[in-house]
Amino acid sequence: MDCNEFVELVTAFLDGSMHPDTQARFVEHLAICEGCERYLDQFRVTIRELGQLPPETLSSQARVILLDAFRGWHAR
């Protein structure tokens, strides 16, 4: 597994929906790649911190802007 594939699979790993074979490759990569280990740690911190914010803290305008930005992200 390379770092690009790792990044694409982080969400599946964290929510437990990853196939066992893929999970084994994911964990093997994690054991040898400090950058991906750091990325996963940052992802967990983000989830923990943002998970504590009530939904109303994001205005509807900000939500639309963010969703538009992420929709076009892969297109770039």
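By the side chain to side chain contact (heavy atoms under 4.5 Å, CB included) test, V64 is found to be paired with D68, residues two or more places apart in sequence or in another chain being considered. With sequence neighbours left out, Q61 forms a side chain to side chain contact (heavy atoms under 4.5 Å, CB included) with S59, I65.
Here R38 contributes atom CZ and Q42 contributes atom CD; the two are 7.0 Å apart, rounded to the nearest 0.5 Å.
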Please report, to 0.1 Å, the donor-acceptor pairs under 3.5 Å made by any side chain of residues 12-36, with sequence neighbours excluded.
| residue | atom | partner | partner atom | Å |
| --- | --- | --- | --- | --- |
| D15 | OD1 | S17 | N | 3.0 |
| D15 | OD1 | S17 | OG | 2.6 |
| H19 | ND1 | D21 | N | 3.0 |
| R25 | NH2 | E5 | OE1 | 2.9 |
| R25 | NH2 | E5 | OE2 | 2.9 |
| H29 | ND1 | M1 | O | 3.0 |

